[in-house]
Amino acid sequence: MEPRESTSAPVPARPEPGARSDGARSSFVLHWAPVWAPLALLAQISILGLGPSLRESRRLSQAEASLSARYGEAIETRRGLERMLQALRDPIYIERERRLLRAPHSRLRQP
């Protein structure tokens, strides 16, 4: 017997399970985009944004204590300078200072 020639089209090979064409792969990616896009954003924020911001927050907290102490000292210095300015504007204080400067030093040393 002679082998017969097949008139039908060749049967395509069956794809392996799990193998997808490029079109199916892109539709899969687009289908899950609402899930992976926020996850990618969350990962970027947590890795690139959250760590540095927490370190900056700790640094600013430490600097706040130092700045508060310096501010308190500046306020006290200002109050002292304001008292001195007020005294220098007082004519009675100025006259007392002038008399003290003219007085002989021996009078200041006597008990």
Over 12 non-hydrogen atoms of neighbours within 6.0 angstrom of [atom1] in [X]:
| X | atom1 | result |
| --- | --- | --- |
| Arg98 | CZ | yes |
| Ile92 | CD1 | no |
| Glu56 | CD | yes |
| Gln86 | CD | no |

Can you tell me how far apart [atom1] ([X]) and [atom2] ([Y]) are? Round to the nearest 0.5 Å.
| X | Y | atom1 | atom2 | result |
| --- | --- | --- | --- | --- |
| His31 | Phe28 | NE2 | CZ | 8.0 Å |
| Arg83 | Leu85 | CZ | CG | 12.0 Å |
| Leu39 | Gln44 | CG | CD | 13.0 Å |

**OP:** Identify whether the distance between the nearest side-chain nitrogen and carboxylate oxygen of Glu82 and Arg79 falls below 4.0 Å.
**Re:**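 A salt bridge is absent here (no side-chain N lies under 4.0 Å from a carboxylate O).
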Closest contact, heavy atoms only, [X] versus [Y]:
| X | Y | answer |
| --- | --- | --- |
| Leu88 | Ile94 | O-CD1, 2.9 Å |
| Ala33 | Pro38 | O-CD, 4.0 Å |
| Val29 | Trp36 | O-NE1, 3.2 Å |

Original post:
Counting N and O atoms only, with roles assigned by atom type, does the side chain of Ser57 sit under 3.5 Å from a partner on the main chain of Ser53, one being a donor and the other an acceptor?
Top reply: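 Pair absent, no side-chain N/O of Ser57 close to backbone of Ser53.
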Subject >> Same apolar cluster: Leu50 and Leu42, side chain cutoff 4.5 Å >> reply: no
